[in-house]
Structures are given as structure tokens and as C-alpha cells.
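Both backbone and side-chain heavy atoms feed into the values below; hydrogens, waters and symmetry mates do not. Order of the sequence lines fixes the chain letters, A, B, ..., with proteins taken first and strands second; residue numbering starts at 1 for each chain.
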Protein chains: 2
Amino acid sequence: MKTKVREELKLKKQAYVQEEILTAAATLFAETGIRAVTIDDIASSLGYTKSVVYYYFKNKNQVLWEIFQRIHEAWSQDMTSIMESDLPPAELLGAMIRQHALNVMGRKAWTAIYFRDQGELTTDQQKIIVKRKREYDQLFKSAYTKGVEAGIFRDIPTYLVVSGIIGMANFTHAWFKEGGAMSPEEIADHYVEIILNGCKKN
Amino acid sequence: MKTKVREELKLKKQAYVQEEILTAAATLFAETGIRAVTIDDIASSLGYTKSVVYYYFKNKNQVLWEIFQRIHEAWSQDMTSIMESDLPPAELLGAMIRQHALNVMGRKAWTAIYFRDQGELTTDQQKIIVKRKREYDQLFKSAYTKGVEAGIFRDIPTYLVVSGIIGMANFTHAWFKEGGAMSPEEIADHYVEIILNGCKKN
DNA sequence: AGAAATTCTGACCCATCAGTCAATTCATTT
DNA sequence: AAATGAATTGACTGATGGGTCAGAATTTCT
């Protein structure tokens with residue numbers, strides 16, 4: 001069946017162009033905000049015309065939604081693989097903070113979009129994102145709770161601690177510059193230390 | 001000179017309507033993002049027509065810029081009055097964190113706009129805001145540096161600590177609900193404790 | 001009351017931009 | 001070389017929304 005081979009090739013090429021468009025779109029969205037970016041902008045940043053984008057995506061919302069999907073997939077994979085390694089509470093929470101911070105700094109555009117532009121999605125899509133964010137927070141919460149139960153973390157409301165961690169890490173997207181004085185790893189490690197010390201029971 | 005009295009009255013009335021419009025605009029801007037809010041939306045949320053807004057403001061950008069001015073004024077006033085009370089480093093930094101967190105939670109709309117929508121300003125305006133933010137950060141940095149010199153804080157790069165603090169506090173705007181389980185003061189105090197413990201030299 | 005200033009209205013213009021579509025080019029297969 | 005189908009173009013439409021303006025309504029002053 002040559003048709004099958006051809007079909008696959010076609011899909012691969014399409015997938016490639018789609019990813020290319022998504023990457024370009026994400027960069028532009030992050031820079032100036034979704035509303036400020038036209039489909040023309042996305043297309044011409046790749047040397048295409050508007051119609052090409054519409055050939056690969058139904059509409060602007062689908063482009064945005066696919067970006068959200070990519071972000072979620074990547075982040076949740078990273079995080080769950082950490083959860084599986086059963087480290088003791090402090091090390092576990094530390095690894096999670098570190099990973100989240102690295103993710104943010106490694107893909108600043110993603111963070112900007114994921115946390116700033118949720119409101120551009122449809123209400124149904126927003127519901128999904130809210131739920132996913134809750135699940136993501138939940139991973140941090142359970143790690144912290146374990147630490148409290150083990151008597152090594154102070155008994156502070158977990159959502160407060162977790163939000164603080166996420167907020168602290170997310171904010172790096174606003175100031176971190178690739179190739180600056182500190183590497184993402186150093187920055188992440190400092191934050192891990194601040195939080196772990198800050199929450200340590202003494 | 002009756003004309004003078006009249007002039008003043010006129011200005012007062014105008015000022016009142018202007019503030020009214022700015023408040024309404026800020027709320028809407030925060031909710032859905034600046035681009036998503038039309039001048040009509042702002043006007044009709046107050047029972048006015050579009051033209052009324054244009055009577056009091058030159059254009060949409062001026063509305064936004066005035067909001068940014070208000071935010072800066074309020075925040076920098078709060079902060080400098082804390083700086084003037086010469087507290088010892090740890091207490092000083094604690095008071096600043098507390099104040100910033102309270103400001104954020106007290107005016108969630110402002111925070112959303114000030115940190116999310118900077119990109120909607122003109123480049124000249126952005127430059128001013130960037131400079132102001134740097135000055136604001138500087139206040140925190142100097143407080144932290146004092147603590148390091150006094151040997152009570154660990155010697156972590158100050159911009160890292162300060163960004164962490166601001167990020168943590170700012171993020172409350174995304175989850176804090178008026179009338180929830182914890183008061184803004186309690187939340188602020190917890191964050192103060194986490195940071196001070198996290199940075200304490202031991 | 002009547003003049004003068006102020007505030008407000010609604011219709012209008014114009015640029016932008018999401019999304020469509022018929023037609024064309026290009027690549028692949030037979 | 002002809003046929004099939006994928007990829008691309010560019011012109012078009014329709015809606016939206018920023019901003020203008022001439023005049024109407026209202027308030028204030030004399």
C-alpha cells in the first residue's frame with residue numbers, strides 16, 4: 001500500500017509545519033500579547049502568507065489552544081517523573097521547585113502565555129486549564145503536606161506555600177536573561193534553598 | 001474673581017468623573033486584558049456613552065497611562081514612608097514585604113495591569129515604568145544588602161531575592177479572594193516569615 | 001430670562017484583522 | 001505526459017472598535 005506510506009509522509013510534513021507555526025506564534029504571543037499578534041504576523045515571521053496558517057489551523061484560537069496543550073504536556077511529564085522517584089519530602093519538594101523554575105526559565109515564552117493569557121481561551125478551555133493548574137498545584141501540595149507530617153516543615157497553609165513557590169519561580173520569566181550572570185540552575189538552587197529554609201521547622 | 005472659583009469647581013467635578021472612569025477601566029482591564037476592553041465597555045459600565053470617555057480623556061492610551069500613574073504614586077508613597085522609619089534590617093525588609101503583599105491583595109486589579117499589561121504602553125512610557133520598577137526594586141535591594149552587611153542575611157544575589165519576594169507577593173493576585181479563609185494580613189505575615197527565615201544566616 | 005460655558009449624544013468614518021474562497025502552482029504517481 | 005492531490009496565493013468580506021464631530025441638552029452665571 002503505497003498510499004499508506006504517502007499518507008504518513010504527508011502527516012509528518014504537516015506536523016512539522018504545524019510545530020514551526022506554533023513555535024513562532026508562541027514567541028510572538030509572549031512578546032506582545034495574543035491580541036496584538038495577527039495571523040499575518042505569525043505567517044510572515046516564517047515567510048508564509050496568512051492563508052498558510054489557515055491551511056494548517058482552523059483559527060487563531062486553535063493555534064493558542066495547541067500551545068497550551070504543548071505546555072501542559074511538557075510540564076506535567078517533567079513533574080510526574082519527579083514524583084515517581086520516591087525521595088524524602090524535603091528533597092522531593094526541592095526537586096520540584098527546581099524543575100519548575102528551570103522549566104520557566106528554559107521557556108519564558110510559554111510561562112508568559114500560560115499564566116498571563118489564560119483569559120484569551122474560551123470558557124470551556126479555561127475550565128480545563130484551571131483544573132490542570134489545580135492538579136499541578138496539588139503535586140506540590142502533597143509534597144509539602146508529607147513534609148509537615150514528617151515534622152520537617154512548619155504547618156503553614158499549603159496553598160499559601162505552594163502559590164508562593166509558583167509565583168516566585170514564574171516571576172523569573174520577567175527578568176531572567178539567557179547568558180546573564182547566573183545560570184538557571186544556580187538561580188533555581190537558590191530558590192530551593194530559600195523556600196526549604198523558610199519552611200523548615202525549627 | 002468668581003471665574004477662578006468656578007474654574008476650580010469645574011476641575012474638581014472633572015477630576016471626580018475621571019477617577020470614576022479610571023476605576024471602572026482598571027477593573028475591566030484587569031479582568032479581560034486591555035485589548036479586550038473597548039471604550040464602549042468602560043463607558044457603559046458606568047452608564048455613559050463612549051463619547052463621554054473621550055470628553056475626559058484624549059484616547060485609550062491616556063486612560064491606561066493614568067492608571068499606571070495612580071498605581072505608581074500609591075505604591076511608592078507607601079514604600080517610602082516605610083523606608084523613612086528607620087527599622088533594623090530584618091524588620092525593615094519584613095515591613096516592606098508585608099506592605100507590598102497587602103498592596104497587591106488590596107488592589108488586585110492594579111497588580112494585574114501593572115505587571116501584565118506593561119506592553120500595551122508606548123515605548124517611551126514603558127521606559128519610564130521600567131525605570132520606576134527598578135527604583136522600587138532598589139528599595140528592597142538596599143534593605144536586603146543592609147541585612148547582609150549586618151550579618152543577619154545570607155549572601156545571596158540581591159536581585160534574585162528581591163525578584164523572588166515580588167514574584168511571590170504578586171502572585172497572590174491570581175488566587176487571593178476577599179473574604180476567604182485567611183485575611184491579607186495573615187497571608188502577608190506568613191510570606192514575611194518564609195522569606196526572613198529563608199534568608200536568615202545561620 | 002437669556003447668554004455662555006459645559007457636558008453629553010449619536011451618527012459617522014476609517015483602519016485593522018479574522019476568516020473565506022476560487023484559482024494557481026507544485027509535487028507525486030502512473 | 002497526463003492526472004491526481006497537496007500546498008500556496010491573493011483578493012475579498014464582514015465585523016469590530018478607535019476616534020471624530022456637529023449639534024443637542026444641561027448647568028451656571030449675569
Practice task
Give the C-alpha distance, both sets of side-chain angles, the deciding distance and a yes or no for side-chain contact (heavy atoms from CB on, under 4.5 Å) between F171(B) and N170(A).
Solution key: CA-CA 9 Å; F171(B) 202 60; N170(A) 284 357; 4.0 Å; yes
Handout entry: Validation row, ring centre H100(B) to ring centre W75(B) under 6.0 Å
Key = yes
Protein-nucleic acid N or O pairs under 3.5 Å, nucleotides 21-27 of chain C:
none

Completion exercise
Hits for ring pair (Phe, Tyr, Trp, His ring centres under 6.0 Å) against Y191(B), two or more places apart or cross-chain, chain-then-number order -> none
Distances under 3.5 Å only, N/O to N/O: pair up the protein atoms with those of nucleotides 16-18 of chain C.
residue	atom	partner	partner atom	Å
dA18(C)	OP1	K60(A)	NZ	3.1
dA18(C)	OP2	I39(A)	N	3.1
dA18(C)	N7	K50(A)	NZ	3.1

Practice task
Determine, using ring centers only, whether Y114(A) and F68(A) are less than 6.0 Å apart.
Solution key: yes
Problem - Phosphate-side-chain proximity, T49(A) and dT9(D), N/O vs OP1/OP2 below 4.0 Å - result: yes
Handout entry: dT6(C) OP1/OP2 closer than 4.0 Å to side-chain N/O of Q14(B)
Key = no
Exercise for the section: Could you tell me whether R98(B) and E185(B) have a side-chain N and a carboxylate O separated by less than 4.0 Å? Expected result: no
Completion exercise
Test side-chain contact (heavy atoms from CB on, under 4.5 Å), reference I67(A), set I34(A), I113(A), D117(A), output is I113(A)
Exercise for the section: Using a heavy-atom cut-off of under 4.0 Å over every strand shown, decide if F57(B) touches base, sugar-phosphate, or nothing. Expected result: nothing
Exercise for the section: Ignoring backbone atoms, test whether Y48(B) places a side-chain nitrogen or oxygen under 4.0 Å from the OP1 or OP2 oxygen of dT9(C). Expected result: no
Handout entry: Phosphate contact (dT8(D) OP1 or OP2) by Y56(A) side-chain N/O below 4.0 Å
Key = yes
Handout entry: Donor-acceptor contact present, side-chain Q62(A) to main-chain F57(A), <3.5 Å
Key = no
Handout entry: Side chain K108(B), main chain F176(B), donor-acceptor under 3.5 Å
Key = yes
